[in-house]
Amino acid sequence: KHAQEVPGLHDKDIMCIAECLRDVRKIRVLNLSGNSLTSVGGRHIARALSHNCLIEALDCSSNNLSDDGVIAIASAIAANAENCLSKINVSQNAINAAGVICIMELFKEHPSSTKLTEITLDNNHLTTESCKSISSAFMCASSLKKLSLKNNGINDETARIIFDGLIHVAESHADFG
């Protein structure tokens with residue numbers, strides 16, 4: 001029997017796209033949603049982001065990047081002080097605490113290279129630990145205006161943790177769905 005080919009882009013395809021993005025300076029929005037990307041694809045995306053400072057919006061929703069792929073992307077954002085990334089969507093990527101924490105740490109550890117105004121983390125696996133990271137990041141996240149956390153099983157305790165951090169934000173929109 002032949003293995004059934006999963007439709008969409010795969011990690012090897014993203015490797016080629018990442019190489020092209022090193023030289024192409026006209027792309028502002030990169031939509032890679034709904035493909036078959038894993039943490040390997042996340043590392044290829046990270047490599048592209050570390051060299052391309054013009055991408056303003058990245059949509060990697062509905063893949064399987066996992067924590068490792070998201071950590072690689074967040075590390076690339078931190079390493080490229082000239083990046084213009086203002087929107088990132090990593091919804092539905094089987095992200096747990098480690099990936100969420102790494103994204104939120106950008107605001108605390110790399111404030112000059114973090115221009116994110118919108119983060120979408122819908123349909124992942126938020127824990128109390130990741131909600132604490134979100135809450136504490138609000139103290140440093142002056143650029144963050146919209147955070148979407150729909151369908152993450154947020155309960156009263158974790159919602160309270162997040163709202164405790166929101167008091168430090170001048171203006172924002174938190175969407176819990």
Side-chain angles (χ1 to χ4, degrees), residues 29-39 41-43 45-46 49-50 55-81 83-177:
V29 176
L30 184 58
N31 185 344
L32 300 170
S33 65
N35 287 293
S36 300
L37 307 181
T38 68
S39 61
R43 288 191 291 277
I45 294 165
L49 289 175
S50 67
I55 295 173
E56 297 169 359
L58 175 64
D59 185 348
C60 293
S61 61
S62 301
N63 281 288
N64 193 26
L65 295 178
S66 73
D67 286 332
D68 291 340
V70 171
I71 289 168
I73 291 169
S75 297
I77 294 168
N80 185 351
N83 83 77
C84 292
L85 194 64
S86 62
K87 296 180 182 179
I88 186 167
N89 184 341
V90 287
S91 296
Q92 203 166 341
N93 269 291
I95 301 168
N96 294 296
V100 173
I101 289 169
C102 199
I103 290 172
M104 300 317 287
E105 289 290 316
L106 287 170
F107 293 103
K108 291 190 267 184
E109 295 181 14
H110 305 280
S112 62
S113 62
T114 305
K115 297 158 185 74
L116 291 172
T117 60
E118 187 174 319
I119 300 173
T120 308
L121 291 164
D122 302 343
N123 300 302
N124 282 295
H125 308 291
L126 295 189
T127 63
T128 301
E129 185 181 0
S130 53
C131 290
K132 286 179 181 176
S133 177
I134 291 168
S135 180
S136 66
F138 283 137
M139 291 185 219
C140 309
S142 59
S143 64
L144 187 61
K145 302 300 178 208
K146 182 177 180 187
L147 175 65
S148 184
L149 304 170
K150 296 177 188 172
N151 300 316
N152 273 296
I154 293 175
N155 58 32
D156 289 346
E157 175 194 358
T158 51
R160 195 171 305 111
I161 291 168
I162 293 169
F163 280 117
D164 286 347
L166 274 173
I167 63 170
H168 300 286
V169 180
E171 177 185 328
S172 66
H173 176 80
D175 189 352
F176 295 93

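Just so you know, these numbers use all the heavy atoms, side chains as well, and skip hydrogens, waters and symmetry mates.
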Keeping to residues at least two apart or across chains, list the salt bridge (charged side-chain N to carboxylate O under 4.0 Å, His left out) pairs with something in residues 57-74. none

Only pairs at least two apart or in different chains count here, so list each salt bridge (charged side-chain N to carboxylate O under 4.0 Å, His left out) that has a residue in residues 94-105. Glu105-Lys108

Determine whether a donor-acceptor pair (N or O, by modelled atom type, separation under 3.5 Å) exists between the side chain of [X] and the backbone of [Y].
X	Y	answer
Ser75	Ile71	yes
Ser62	Ser33	no
Thr114	His110	yes
Asn63	Asn35	yes
Asn89	Ser91	yes
Asp164	Ile162	no
Thr127	Ser130	yes
Ser135	Ile161	yes

Using 0.5 Å steps for rounding, measure from the [atom1] atom of [X] to the [atom2] atom of [Y].
X	Y	atom1	atom2	value
Cys60	Leu37	SG	CG	7.0 Å
Cys84	Leu116	SG	CG	11.5 Å
Leu58	Lys87	CG	NZ	12.5 Å
Ile119	Leu144	CD1	CG	5.0 Å
Leu121	Asn151	CG	CG	12.5 Å
Thr158	Glu129	OG1	CD	13.5 Å

Salt bridge (charged side-chain N to carboxylate O under 4.0 Å, His left out) involving Glu56 - partner list, sequence neighbours excluded: Arg28

Over all heavy atoms of both residues, which pair between [X] and [Y] is shortest? Give the atoms and the distance, please.
X	Y	result
Leu126	Leu149	CD1-CD2, 3.7 Å
Met104	Ile134	CG-CG1, 3.8 Å
Ile103	Val90	CD1-CG2, 4.0 Å
Asn124	Asn93	OD1-N, 3.0 Å
Ser66	Ser39	OG-CB, 3.8 Å
Phe107	Cys140	O-CB, 3.4 Å

CG (Asn155) with more than 12 external heavy atoms under 6.0 Å: yes

Kindly check if the number of other-residue, nucleotide or ligand heavy atoms within 6.0 Å of NZ (Lys115) is above 12? yes

In Val70, Ile73, Thr117, the residue satisfying side chain to side chain contact (heavy atoms under 4.5 Å, CB included) with Ile88 is Ile73

Taking atom types as modelled and ignoring hydrogens, do the side chains of Asp122 and Thr120 form a donor-acceptor contact shorter than 3.5 angstrom? no

Do the side chains of Leu49 and Ile55 get nearer than 4.5 Å, heavy atoms only? yes

